[in-house]
There are 2 protein chains.
Amino acid sequence: MTETTSGAAGGPFNPYSRACPSRRLLKFLGDLWTVLVIGALYDAGTPQRFTEISLRVDGISTKMLTSTLRRLERNGLVLRQQYAETPPRVTYELSPAGQDLAGILREVEAWATSHMQDVLAARDSYDAAHEA
Amino acid sequence: MTETTSGAAGGPFNPYSRACPSRRLLKFLGDLWTVLVIGALYDAGTPQRFTEISLRVDGISTKMLTSTLRRLERNGLVLRQQYAETPPRVTYELSPAGQDLAGILREVEAWATSHMQDVLAARDSYDAAHEA
DNA sequence: CTGGATCCGACCGGATACTG
DNA sequence: CAGTATCCGGTCGGATCCAG
């Protein structure tokens, strides 16, 4: 036990350490667009086209969808397939690693939706007790 | 089935909808400092002081620790206890809801650390295939 | 010790226009 | 259709100083 910071051990990576690359990865994984795009691909079950994903993730801009998909692909979480057709057709799907992650992120998502009401109530309570 | 967007059903809240409050909540839950502070409190097991948390979460500024704890408290995820002493002593601990969430976020954290190596390899592979 | 207040640079991210 | 390029306002977040 030579670790000075906390966190689940089991490997050399520790996001509680400022310099550890896992911190940046964790930051990316928690990003809203990352979570929603992965969730959308997970729900779809089949390879999705750029436009199809943008329809599932309401309000995402082409810029953010592009950059998010690029990072996901670069990190090995999403597989990109492009076909030589006109008009061009490109599809995205989760890699095995991406599917694994999707299951976990889905839990976070489920927590958010199932506890939203409680959170709303907690805010009211907090605001009432701290109002100016 | 009147939903037009995707996502796990089960409630009226849907983060895939741009206007749904659960989207903002989800964004907050995935925030790096949120994840690490919750994880630190979870690891500690006992109520932690402001300074103790800052030591566990390497590199967090007092500004971010303060604002993160405030939001967590306001959302009912963290319980704050202050004692009338000099010097002042304040402790923070996870609420039952917070502990529930912590277990899930810990999984995300574990995914990040356990797959960091694979992700690093995927990046090398991607960069090699896309270098200018 | 536990913060609040302020300054300010960095960058996130939307809107828009354009291309193969 | 599937992006790329650019502009630019808003916000995030670190550093610093101050207070109860």
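By convention in this document, chain letters (A, B, ...) are assigned in the order of the sequence lines, proteins followed by strands, and residues within each chain are numbered from 1. Heavy-atom basis, side chains included; hydrogens, waters and symmetry copies ignored.
- Atom NZ of Lys63(A) and atom P of dA15(C) are 11 Å apart (whole Å).
- Listed nucleotides: dG3(C), dG3(D), dG20(C). Nearest to the side chain of Tyr92(A): dG3(D).
- One can place NZ of Lys27(A) at 14 Å from C1' of dG13(C), the figure rounded to the nearest angstrom.
- Summarising the geometry of Gln48(B) relative to Ile53(B), their closest heavy-atom pair is CB-CG1, 3.7 Å, with the distance given to 0.1 Å.
- Between the CD1 atom of Ile60(B) and the P atom of dG13(D) there is a distance of 10 Å, given to the nearest Å.
- Smallest separation of non-hydrogen atoms from Asn14(A) and Ser22(A): C-OG, 3.5 Å.
- With dG13(D), dC1(C), dG13(C) as the choices, the nucleotide that has an atom nearest any side-chain atom of Asp31(B) turns out to be dG13(D).
- Residues Leu94(A) and Leu41(A) share a closest heavy-atom pair of CG-CB, 3.8 Å.
- Using a 4.0 Å cut-off, some side-chain N or O of Arg49(A) falls inside it from OP1 or OP2 of dA2(D).
- Of the listed nucleotides (dG13(D), dG3(D), dT2(C)), dG13(D) has the atom at the smallest distance from the side chain of Met64(B).
- Across all their heavy atoms, Gln81(A) and Tyr83(A) have their closest contact at CG-OH, 3.5 Å.
- Of the listed nucleotides (dC1(C), dT4(D), dG3(C)), dC1(C) has the atom at the smallest distance from the side chain of Pro87(B).
- Both Arg89(A) and Pro88(B) sit near DNA chain D, but only Arg89(A) has its closest nucleotide nearer the 5' end.
- Atom CZ of Arg24(A) and atom P of dC12(C) are 9 Å apart (whole Å).
- Rounded to whole Å, atom P of dC12(C) lies 17 Å from atom CZ of Arg70(A).
- Separating the CD atom of Glu52(A) from the P atom of dC1(D) is a distance of 10 Å, rounded to the nearest angstrom.
- When all heavy atoms of Tyr92(A) and Val78(A) are compared, the pair lying nearest together is CD2-CG1, 3.8 Å.
- Spacing between atom CG of Leu69(B) and atom C1' of dT2(C) amounts to 11 Å, rounded to whole angstrom units.
- Rounded to an integer number of Å, the gap from Glu85(A) CD to dC1(D) P is 13 Å.
- For the OP1/OP2 pair of dG3(C) and a distance below 4.0 Å, the side-chain nitrogens and oxygens of Arg80(B) include at least one atom meeting the criterion.
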